[in-house]
Amino acid sequence: MDRRDFIKLTAITGTTTALASCGHPENQIIRFVPDDEMVPGVAEWKPSVCPLCSSGCGVTVRVMEADVDVVRNGQAGVVRMGVAKKLEGNPGHPVSRGGLCARGQAAIQVTYHPDRITRPLKRTGRRGEGKYEEVTWDAAIGELLSHLDGLAKAADQKSLAFLSARRPGGRAVLTERFLAKFGAPAPIAFEFFGDDVLRRANGLSFGHEQLPTFDLGRSRYVISFGADFLGTWNSPVAHGSAYGEMRQGRPGVRGSFVQVEAHMTQTGANADEWVPAAPGTEGVLALGLAHVILKEKLRPADAAGRAGSLVAGWSSGLEDYAPERVSKTTGVPVRRIEQIARHFAERRPAMAIVGGSPLAQTNGLFTAVAVNALNALAGAINEPGGIFFTPQSAGQNSAHSSIDKLAASILAAGESPVKVLLVDGANPVFATPKAWKVREALTKVPFIASFGGFLDETSGLADLILPDHSFLESWTESAPESGSLVAVTSVAPPVMRPLYQTRAMGDVLLDIGRRLEKPLDLPWKTFDEMLKSTFASVTGKEDDALWLASLKQGGWWGDVSKGAAPAIGSSAKPAVAPMAYAEPRFDGDAQQFPFHFLPYASAAFLDGSLAHLPWLQEFPDPLTSAMWSSWVELSPQTARELGINDRDVVEITSSHGSVTAAAIVFPGLAPNIIAMPVGQGHEMFTRYATGRGENPIAILAPMTEPETGTLAWAATRVKIARVSGPDGRLVLFAGEKYENPNEGAR
């Protein structure tokens with residue numbers, strides 16, 4: 001008998017022999033022979049990659065010996081094995097550089113969550129009811145194979161759809177290859193707080209359709225237009241480290257920072273100057289700064305020529321963007337516009353950043369291109385203290401977000417054009433406006449299979465669930481789009497053995513490809529074999545020693561000089577056509593709905609995909625200290641005018657619905673803005689998130705940025721009304737406790 005299959009019986013207490021002979025099987029457990037030998041009490045540190053956002057931060061995992069409840073060959077028992085105890089940032093990784101955000105620290109709870117799906121499930125109840133029965137892996141894979149083989153027999157491979165979260169790296173490459181070989185369309189990568197507008201602008205402006213990397217550590221003056229780069233946007237761990245260098249890492253030099261936004265973010269709270277601007281006018285402000293720089297000749301004479309093709313009228317001095325006109329449009333005083341422009345031109349190197357709500361408007365592309373033009377004027381592209389583009393390997397970021405078009409096509413047809421849908425890590429039923437009718441559309445799909453490890457609103461519609469390993473139990477990898485000045489590919493083997501009857505999604509996909517009646521010509525047997533075979537295309541070397549060394553440190557990263565992004569003026573010439581300002585469009589009549597509604601990424605939950613982790617539910621919001629709840633923020637001026645006090649219950653109504661939550665009077669907010677964090681309001685997402693709070697995404701208008709089709713999630717107008725006084729639904733850190741009639745005292 002193989003050692004790993006060998007089991008022996010022991011009793012729960014030390015009196016093994018006595019209990020074993022007493023005829024009480026309920027007092028006996030199966031103790032499996034350990035798979036690994038570890039030194040008791042001695043920790044081993046292993047590399048991994050944080051999966052909770054697309055930043056791709058490298059982590060190190062403290063692994064120690066422990067007794068663990070497991071299932072082996074269908075039998076429950078206990079085994080002594082190495083398990084993850086703590087996550088920390090990998091100090092050698094060029095993105096994390098030893099840092100790890102609060103969300104990354106909480107990632108360990110994914111593995112030990114009490115509501116993890118531990119084995120394959122088959123739906124038994126109505127769709128969305130959450131009723132499933134356990135099945136074997138052979139039965140689960142057999143059922144999925146039968147549906148895929150059915151499509152192939154009918155020559156209907158194009159009716160297979162794949163919906164995933166945006167994950168640059170090997171997992172995305174494997175998915176694309178699988179679908180292409182099968183004859184299905186490319187995967188749909190969905191994310192609510194997507195950055196496709198900025199990617200498109202960077203492609204038009206600089207020849208790189210990707211997010212930029214910011215050399216904050218060497219910059220002396222930074223202007224951010226709406227980007228919460230220290231909190232929730234792009235690569236906050238990398239930004240935080242570099243921001244510390246900018247502010248206090250150079251003796252005698254302290255960089256200055258201006259944040260332009262209508263709602264104060266965690267990043268805005270760290271700024272020297274916080275400048276509120278009217279929603280959708282940030283691009284006008286950027287060009288107003290450029291006007292002052294050109295008019296006062298604060299840059300060399302050829303600077304306008306280098307940036308001239310980016311925005312119409314640039315070479316003539318941007319007469320339409322004189323400070324007086326810009327002030328009327330944006331609400332920013334003339335004197336402040338002129339002062340910021342002079343500082344931006346004089347305190348070099350300087351750069352401008354744009355992200356978040358300014359790009360979530362119907363004119364978001366104009367705003368992004370305008371900020372790009374300001375950077376080009378400042379000479380900030382591919383220069384120390386400016387903006388770079390992390391070298392990328394081929395095949396990344398090729399999928400685009402079009403879930404609304406998919407839903408519309410399904411609903412418009414009598415019979416769904418999608419016969420089989422595979423879902424991997426995306427939850428559009430929660431994270432899309434109700435007006436898109438994604439739930440109704442997916443309900444029409446005959447067969448849905450999910451690789452999710454938890455039941456959420458989208459996985460809860462699946463007919464079959466094939467649960468993935470947690471990232472600590474499987475090979476994990478990432479190809480960060482930004483956050484590093486050098487090329488990065490992160491890869492690491494499992495740090496611990498699986499606790500349950502789960503399987504790695506990549507291995508399942510490869511297994512299915514082999515077992516189809518018409519097998520797919522995929523050259524790998526396992527996902528780690530695929531990662532190793534593609535490693536050479538990233539590093540440029542076929543070297544086993546380099547592969548093993550990379551596994552030991554958590555990836556490979558190379559000198560930017562060997563694969564640097566081409567500079568402006570060489571092979572990456574701006575190609576954007578002249579672009580004029582168009583006023584942003586908003587859903588809702590301004591008389592009936594007088595306030596701009598601003599949903600924003602939660603410091604704990606981002607887009608809501610992390611709300612199931614209890615540590616993050618307990619994490620106080622950095623600016624309001626709220627936790628375990630939803631809230632609505634309004635300015636002191638608005639609160640006075642409407643007679644609303646802190647913790648009063650208010651109703652927020654758009655033309656597409658309403659939500660009810662407690663109010664927080666928040667001084668870092670423009671008077672015409674109502675803000676609310678995204679993340680709560682799940683109908684199905686484990687015991688910690690289900691039925692908790694409200695989902696502001698549900699009441700958003702289906703407005704889009706026309707060039708990319710991206711949801712304009714900041715383009716909805718609302719009204720607000722007081723419903724009642726405090727009722728205990730708002731929970732503040734170390735604050736007064738209220739009796740909640742629905743949940744009890746907390």
Side-chain angles (χ1 to χ4, degrees), residues 94-95 97 99 198 202 205-208 210-230 233-260 267 270-273 286 289-290 292-293 298-300 302-304 306-307 310 339-355 368 370-391 480-488 559-561 563-570 572 574:
V95 175
R97 298 167 63 181
L198 183 55
N202 289 340
S205 302
F206 308 130
H208 298 282
Q210 69 181 87
L211 298 184
T213 293
F214 308 106
D215 189 12
L216 290 166
R218 291 185 285 182
S219 186
R220 292 192 61 209
Y221 197 85
V222 175
I223 305 174
S224 169
F225 295 87
D228 184 21
F229 62 84
L230 297 178
W233 181 74
N234 194 346
S235 190
V237 173
H239 297 153
S241 176
Y243 182 77
E245 294 176 7
M246 182 187 89
R247 301 289 266 180
Q248 55 188 16
R250 300 166 293 179
V253 179
R254 180 177 173 84
S256 299
F257 173 42
V258 177
Q259 181 81 349
V260 179
T267 301
N270 283 275
D272 298 297
E273 297 182 61
L289 301 178
V292 174
I293 292 171
L298 302 177
R299 292 287 290 126
D302 65 340
R306 290 202 303 271
L310 292 178
Q339 180 187 57
I340 293 173
R342 291 165 187 152
H343 289 167
F344 185 74
E346 294 166 358
R347 301 179 187 176
R348 302 180 63 203
M351 66 172 154
I353 302 172
V354 63
V371 174
N372 284 349
L374 181 61
N375 276 315
L377 178 65
I381 312 302
N382 290 337
E383 295 292 336
I387 291 176
F388 293 82
F389 291 94
T390 301
E481 183 180 3
S482 62
S484 169
L485 296 179
V486 300
V488 181
D559 191 336
V560 72
S561 63
I568 294 289
S570 60

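Please read all numbers here as calculations on a predicted model, not as lab measurements.
- Side-chain atoms of Val488 and Pro94, non-hydrogen and from C-beta on, do get closer than 4.5 Å to each other.
- Within the 4.5 Å cutoff, no side-chain heavy atoms of Tyr243 are placed close to those of Thr267.
- Closest approach of Trp233 and Ala227 over heavy atoms only: CE3-CB, 3.7 Å.
- In this view, Ser224 and Gln259 satisfy the side-chain hydrogen bond (donor to acceptor under 3.5 Å, both in side chains) rule, not counting sequence neighbours.
- Side-chain atoms of Phe389 and Asn202, non-hydrogen and from C-beta on, do get closer than 4.5 Å to each other.
- Among all heavy-atom pairs drawn from Val354 and Ala368, the shortest one is CG1-CA, 4.2 Å.
- The heavy-atom pair separating Pro251 from Gly249 by the smallest distance is CD-O, 4.0 Å.
- Applying the salt bridge (Lys or Arg N to Asp or Glu O under 4.0 Å) test to residues at least two apart or on different chains, the pairs with a partner in residues 233-248 are Arg97-Glu245, Arg247-Asp272.
- Residues Asn234 and Phe214 have side chains in contact (heavy-atom distance under 4.5 Å, counting atoms from C-beta outward).
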Just do the side chain to side chain contact (heavy atoms under 4.5 Å, CB included) check on Ile340 and Ile223 with the steps written out, would you?
-> CA-CA 9 Å; Ile340 293 173; Ile223 305 174; 3.6 Å; yes

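- In this structure, Asp215 and Leu485 have side chains that are in contact, with non-hydrogen atoms separated by less than 4.5 Å.
- In this structure, CG in Leu198 is found 9.0 Å from OG in Ser205, a value given to the nearest 0.5 Å.
- A donor-acceptor pair is defined here as one N or O able to donate and one able to accept, closer than 3.5 Å; no such pair exists between the side chain of His239 and the backbone of Leu230.
- Checking Arg220 against Ser256 by side-chain atom types alone, no donor-acceptor pair falls below 3.5 Å.
- Rounding to the nearest 0.5 angstrom, the gap separating the CZ atom in Arg218 from the CE atom in Met246 is 14.0 Å.
- Thr213 is linked by a side-chain hydrogen bond (donor to acceptor under 3.5 Å, both in side chains) to Thr390, counting only residues two or more places apart in sequence or in another chain.
- Judged by distance alone, the side chain of Ser219 and the main-chain N or O of Pro349 form a donor-acceptor pair under 3.5 Å.
- At distances below 3.5 Å, at least one donor-acceptor pair connects side-chain atoms of Asn375 with backbone N or O atoms of Ala352.
- Counting all heavy atoms, side chain and backbone alike, Ser482 lies closest to Val95 at O-CG2, 4.4 Å.
- For Arg348, there are no salt bridge (charged side-chain N to carboxylate O under 4.0 Å, His left out) partners, not counting sequence neighbours.
- The two atoms that bring Met351 and Ala380 nearest to each other are CB-CB, 4.2 Å, heavy atoms only.
- No option in Leu374, Leu289, Leu298 other than Leu374 meets the side-chain contact (heavy atoms from CB on, under 4.5 Å) test with Phe344.
- Taking CZ of Phe229 as the reference point, atom CD1 of Ile353 lies at 4.5 Å (rounded to 0.5 Å).
- A search for salt bridge (charged side-chain N to carboxylate O under 4.0 Å, His left out) contacts involving Glu273 returns Arg336, not counting sequence neighbours.
- Considering all non-hydrogen atoms of both residues, Leu216 and Ala242 come closest at CB-CB, 3.7 Å.
- Contacts of Ser484 classified as side-chain hydrogen bond (donor to acceptor under 3.5 Å, both in side chains), with partners at least two apart in sequence or in another chain: none.
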